[in-house]
Novice: 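Quick one: the structure is below, questions incoming.
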Amino acid sequence: MRIRELLNYGAEKLSEISETPRLDSSILLSECLDYDRAKILANYEEIVSDETITHYKSMVNKRSEGYPVAYILGEKEFYGYNFYIEDGVLIPRPDTEILVETALDIIKKYSLKTVLDLCTGTGCIAITIKKENPNTEVTAGDISPVSQKVFTINNRNLANNSVIFVKTDLFSSFKNKKFDIIVTNPPYLTTDETDERVEDGWKEPTLALDGGRDGLDLIKKIIKQAPEYLNTNGWLIIEAGDSQMDEMKILMIERGYKDLYISKDLAGLDRIIVGRYE
Ligand code: GLN
């Protein structure tokens, strides 16, 4: 079979499961051939070896069962860095880059040093902050054993093991510790939204998605507890959904945070809330 035929095969097979069946097919075929996507497009008529076809078809099969491309490739790009991924952790989203960018700005502006990233998952936030600002001391926490494994690989591959990982249920392992800035992308979908995704065959772990009835279970705890773990004039940045921001803002005002503001992601949706605690 030729590249053109294999792309058609994939596009057809993935048309129901994926919103981007042709793109997915070309990414998977690129991986099998070790070509970049431009080379794929320029070589439509090239004949592909049987071995590569078998490999490609098994990947297309996996994708057709609902596995995201990132799980099949075992990697996902975030903020220009390649993160190792496996089934059982949330796949980094471009939506989260605004959180990293904002944290880096605040760290620089106020010469902050110690950073805590809660619910770190792959470690994409913590490790990117450390990469972009090596003067920081970054700690990352997560309750999930898969996160610990994936984080450890990324920390080694990308950051020379320079970020500290702590297995923890939110702040429980940080008694008496204080940080200059706490950042987090916790689970914040509602249980209904999570259930809907599971029914649709979504493969990411519900542990990383489900934030309870209104999606705010963990966020409420974080807003309430974070001041105990912040140095004076420490900062908190939380990622959530745009419909949750108003309520979060009220909760943060009630808890005494100052200088609150909300920033949008690349898609133009409110994505993070930022506050300072005196
Ligand atoms: N933004 C993610 C999504 O909509 C959810 C991530 C999360 O709950 N932290 O898929």
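Order of listing sets the numbers, starting from 1, for every ligand and every atom in it.
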Novice: Considering the heavy atoms of R93, write down every atom of ligand 1 situated less than 4.0 Å from one of them.
Specialist: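 By the 4.0 Å cutoff, the relevant atoms are 2 (C), 3 (C), 10 (O).
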
Novice: Where does E204 meet ligand 1, judged by heavy-atom distances below 4.0 Å: at the side chain, the backbone, both, or neither?
Specialist: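 It is neither; nothing of E204 touches ligand 1.
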
Novice: Kindly indicate whether the side chain of D265, heavy atoms from C-beta on, has any atom under 4.5 Å from the side chain of I272.
Specialist: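 They are not in side-chain contact.
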
Novice: Tell me whether the rings of Y56 and Y9 are parallel (<30°), tilted (30 to 60°) or perpendicular (>60°).
Specialist: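 Y56 vs Y9 ring planes: tilted.
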
Novice: Would you kindly say whether D169 and S172 are connected by a side-chain donor-acceptor distance under 3.5 Å?
Specialist: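 Distance-only check fails for D169 and S172.
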
Novice: Which residue owns the protein heavy atom closest to atom 8 (O) of ligand 1, what's the atom, and how far is it?
Specialist: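 It is Y188 N, 3.1 Å.
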
Novice: Where does P186 meet ligand 1, judged by heavy-atom distances below 4.0 Å: at the side chain, the backbone, both, or neither?
Specialist: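 It is the backbone that touches ligand 1; the side chain stays farther off.
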
Novice: Check ligand 1 against L209 and write out every atom of the ligand that is under 4.0 Å from a heavy-atom position of the residue.
Specialist: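 Once the distances to L209 are compared, the set is 8 (O).
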
Novice: Starting from atom 4 (O) of ligand 1, which protein heavy atom do you reach first, and at what distance in Å?
Specialist: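 Of every protein heavy atom, R197 NH2, 3.1 Å lies nearest to atom 4 (O) of ligand 1.
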
Novice: Give the atom numbers and elements of ligand 1 that come within less than 4.0 Å of a heavy atom of A208.
Specialist: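 Counting from 1, the qualifying ligand atoms are 7 (C), 8 (O), 9 (N).
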
Novice: Would you check if there is a donor-acceptor pair between the side chains of Y229 and K175 at a distance under 3.5 Å?
Specialist: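 Yes - a donor-acceptor pair under 3.5 Å links their side chains.
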
Novice: For E12, does the CD atom sit with more than 12 other heavy atoms under 6.0 Å from it, leaving out its own atoms?
Specialist: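 Atom CD in E12 is not crowded, with 12 or fewer foreign heavy atoms closer than 6.0 Å.
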
Novice: Below 4.5 Å, heavy atoms only, C-beta onward: do E46 and K39 meet side chain to side chain?
Specialist: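 E46 does not reach K39 side chain to side chain.
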
